[in-house]
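To start, the structure itself, in structure tokens.
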Amino acid sequence: MMLIVDDVEINRVVLRQFFKDEYTIIEASNGKEALSIIDQQPISIVLVDLVMPVMDGFEVLSRMKSRDDYMNIPVVVMTAANDDSSEAKAMEMGAADFIVKPYNPTIVRCRIKNVMARQENEWRKIEQVAKDKQIVEMHRYIERDQLTGVYNREIFYQKASALMQEDRDTRYAIIYFDISCFKVINDLFHVETGNLILKTAAVYFQSILSDGRGICGRMEADHFTLCVPSGKFDMNQVIEGLDATIQSLGISHNILFYAGVYPVDNVFLPVDQMCDRAHMAMNRVKGNYLQRYAYYDDSMRDLMLEEQMITRDMEFALQEHQFSIYLQPVCNLHTDRVVSAEALVRWNHPSHGMISPARFVPVFERNGFIVRLDRFVWEEACRFMHDAAEQGLNPVPVSVNVSRVNFYNFDLLQYLLGLIERYELKPDMLRLEVTESAYTDNPHQLMEVVRDLRQHGFKVLMDDFGSGYSSLNMLKDLPVDTLKIDMAFVHEVESSSRANTIMRSIITMAKGLDMSTIVEGVETQAQIDFLDSIGCEDIQGYYFSRPLPEAEFKGLLARNKKGIGVHQA
Ligand code: C2E
Ligand code: CA
Ligand code: CA
């Protein structure tokens with residue numbers, strides 16, 4: 001569509017003749033008319049006379065070039081012969097070309113053709129730029145995490161791998177970030193609050209990467225990763241900066257970021273595995289108030305492999321009777337006689353030998369298998385007491401560990417009652433050890449269950465007393481029969497007068513509250529002397545005996561019955 005603007009009709013007629021076969025022609029007799037036509041129609045080219053009444057060609061040109069939507073319409077100006085200065089001015093103002101009156105048909109056609117060819121090129125370019133922009137946007141859409149704008153997981157893996165392999169002279173590290181209790185924040189506040197935290201964190205990460213060497217990704221939920229040159233950041237500063245940034249949001253909840261760092265030693269390792277390693281390092285400190293980041297080392301990989309082995313083999317092991325109990329006596333330090341025992345589980349693995357419960361119990365607590373293992377141990381303990389009684393040995397009460405997960409099962413009491421009935425035991429023969437930290441986790445529910453158990457005649461012991469935090473405060477309304485004092489105390493009484501004092505007051509307090517005590521981990525005569533001096537009598541520890549296989553423990557019971565102490569020949 002060609003717009004011809006000239007106040008002299010004959011000029012318009014001539015031009016129309018030239019172009020009527022190639023263009024739809026629209027005419028206007030002054031600039032004002034022209035602009036209103038441009039407003040309404042998609043015009044491909046404007047031929048405009050410079051000298052006109054109402055609004056001249058310069059004015060049309062200048063208005064068109066000042067508007068985004070018109071500036072790309074080519075404008076060819078028409079001038080009288082020998083008016084060089086007008087031509088120059090029009091060209092400066094953005095005219096595509098000029099044609100001179102009187103019109104030479106060949107020249108005019110050629111010039112317009114050229115202008116259109118150039119213009120089409122321009123349009124193609126513009127279109128291409130728009131397309132490119134769209135593609136970039138689209139990529140951004142696919143590559144970026146929708147919420148925070150950092151790379152999504154897959155793209156992070158790709159980009160990190162490319163970055164590290166292209167820049168082989170630089171050592172890189174993968175840093176994994178996670179927020180403690182993010183779920184709680186989402187529950188306590190609105191989802192928007194959680195989102196705000198994530199977005200703010202992403203902005204912070206982007207800002208520390210602003211020099212361009214390093215990338216950031218969001219793995220899932222509240223997990224972010226960075227791939228950066230090793231040693232680029234002081235981790236303390238990064239965490240401090242992150243804390244300060246998040247605190248500035250004014251959310252009334254303590255939001256803590258934890259980080260794990262994997263210094264990349266093999267750039268060909270798949271990045272997801274690098275992230276796993278950084279994640280593993282992070283898990284080592286997560287929940288720790290003082291240490292907020294950790295570095296990955298190979299011992300962590302070994303731990304992970306071991307955990308996998310444990311999880312893989314546990315079911316089969318239970319079926320195949322690879323678990324058994326050992327019994328460790330609790331002795332009276334004056335009489336040297338066994339007063340009770342603790343059943344401790346042992347795993348005799350066909351290819352890994354004896355595995356310590358300190359290694360597999362935490363894994364089972366995480367994966368839930370501990371409930372089944374505990375029940376197995378309780379039953380073994382009951383069976384043992386039953387057998388010992390049958391064999392005419394006066395069995396002592398045996399305590400078993402009750403992992404906290406058991407308290408989420410409603411049938412705990414019923415299960416235990418069934419057990420003692422089946423093995424014809426009085427409930428006070430089966431003692432239940434509940435670790436102190438379980439009380440701090442969920443005090444009300446746990447106290448209720450414990451009350452119930454005690455009402456039915458079971459004795460409840462608080463295990464590892466003194467290792468947790470709020471224990472002293474809780475003692476006043478705590479329904480337990482016995483405190484088992486954590487071995488950390490007794491191991492320090494010789495070197496620390498503070499431990500000494502604390503131990504002394506715990507014993508006094510327990511007596512005042514009508515609770516008995518057992519001191520764990522006693523190994524030396526000096527410790528025995530001290531405990532004796534503060535009035536402790538019941539002792540569990542290597543000083544008397546290590547945990548023993550059933551048969552050996554029965555030997556101890558037999559001596560007990562004859563009145564022979566543990567240390568007596
Ligand atoms: P715990 O319940 O505090 O058990 C006491 C641990 O201290 C036992 O380690 C015992 O062998 C050890 N010990 C005893 N006397 C001494 C001593 O004089 N010095 C030192 N250094 N250590 C001593 P064990 O058998 O390796 O058990 C470790 C932990 O595993 C137990 O700590 C308990 O938390 C858990 N555990 C063991 N058996 C079971 C079970 O059947 N169920 C559950 N849930 N946990 C269990
Ligand atoms: Ca215990
Ligand atoms: Ca203990």
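Counting from 1, the numbers follow the sequence of the chain as shown. The structure presented is a predicted model; accordingly, all values stated were derived computationally and were not measured. Counting starts at 1 for both ligands and their atoms, following the listed order.
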- Task: Take atom CD of Glu421 as the centre, draw a 6.0 Å sphere, and report whether it contains more than 12 heavy atoms from other residues, nucleotides or ligands.
- Result: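 Not buried by this count: 12 neighbours or fewer within 6.0 Å.
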
- Message: Counting only heavy atoms not in Arg422 (residues, nucleotides, ligands), do more than 12 fall under 6.0 Å from its CZ?
- Response: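 Check passes, neighbour count above 12.
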
Enumerate the atoms of ligand 1 whose separation from the nearest heavy atom of [X] is less than 4.0 angstrom.
X	answer
Ile370	44 (N)
Glu342	2 (O), 4 (O)
Ser403	44 (N)
Val377	41 (O)
Pro547	11 (O)

- Item | Option set Glu523, Glu520, Glu380, criterion heavy-atom distance to atom 5 (C) of ligand 1, minimum |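 Heavy atom nearest to atom 5 (C) of ligand 1 belongs to Glu520.
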
- Kindly identify the option in Tyr542, Phe323, Tyr543 whose heavy atom sits closest to atom 23 (C) of ligand 1.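 The nearest heavy atom belongs to Tyr542.
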
Minimum-distance protein heavy atom relative to [atom]:
atom	result
atom 35 (C) of ligand 1	Val361 CG2, 4.2 Å
atom 34 (O) of ligand 1	Asn401 OD1, 4.8 Å
atom 31 (C) of ligand 1	Leu344 CD2, 4.3 Å
atom 42 (N) of ligand 1	Asp374 OD1, 2.7 Å
atom 30 (O) of ligand 1	Pro357 CB, 3.7 Å

- Query: With ring centroids as reference points, do His567 and Phe544 lie under 6.0 angstrom apart?
  - Reply: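 Aromatic pair counts; centres sit under 6.0 Å.
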
- Task: Flag the pair Phe177 / Phe205 as yes when their ring centroid distance falls below 6.0 Å, and as no otherwise.
- Result: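 Phe177 vs Phe205: aromatic centres under 6.0 Å.
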
- Task: From the options Tyr176, Tyr262, Tyr296, select the one residue that forms a ring-ring contact (aromatic ring centres under 6.0 Å, His included) with His279.
- Result: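 Testing His279 for a ring-ring contact (aromatic ring centres under 6.0 Å, His included) against Tyr176, Tyr262, Tyr296 leaves exactly one candidate, Tyr176.
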
Part of [X] within contact of ligand 1 (heavy atoms, under 4.0 Å):
X	result
Met487	side chain
Gln328	side chain
Asp464	side chain

Would you tell me whether [X] and [Y] have side-chain atoms, one donor and one acceptor, within less than 3.5 Å of each other?
X	Y	value
His190	Asn195	no
Ser403	Asn406	no
Asp387	Gln391	no
Gln322	Asn348	no
Tyr423	Glu379	yes
Tyr543	Gln525	yes

- Item | Atom pair CD1/OG1 of Ile507 and Thr517 - distance to nearest 0.5 Å |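 The CD1 atom of Ile507 sits 4.0 Å away from the OG1 atom of Thr517.
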
- Query: To the nearest 0.5 Å, what is the distance between CE (Met219) and CG (Asp178)?
  - Reply: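 Answer rounded to 0.5 Å: 12.0 Å.
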
Consider every N or O of [X] and every N or O of ligand 1, then say whether any pair is closer than 3.5 Å.
X	value
Asp463	yes
Val345	yes
Arg346	yes

- For the Ca ion (ligand 2), find the closest N/O/S atom belonging to Glu342 and write down its atom name.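 Of the nitrogen, oxygen and sulfur atoms in Glu342, the Ca ion (ligand 2) lies nearest to OE2.
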
- N, O or S atoms of the protein lying under 3.0 Å from the Ca ion (ligand 3):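 Listed by chain and number, the atoms are Asp463 OD1, Asp464 OD1, Glu520 OE1, Glu520 OE2.
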
- Message: Could you check whether Arg218 makes a cation-pi contact with Phe156, meaning its NZ or CZ is under 6.0 Å from the centre of the six-membered ring and within 45° of the ring axis?
- Response: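 Judged by the rule, Arg218 and Phe156 form no cation-pi pair.
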
- Task: Decide yes or no for Val493 and Phe530: does some side-chain heavy atom of the first lie under 4.5 Å from some side-chain heavy atom of the second?
- Result: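 In short, these two side chains touch, coming nearer than 4.5 Å.
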
- Message: Less than 4.5 Å apart, side chain to side chain, heavy atoms only: is that true for Val330 and Val338?
- Response: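 Side chain of Val330 against side chain of Val338, heavy atoms only: no contact under 4.5 Å found.
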
- Query: Any protein heavy atom under 4.0 Å from atom 18 (O) of ligand 1?
  - Reply: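 When distances to the protein are checked, atom 18 (O) of ligand 1 has a heavy atom within 4.0 Å.
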
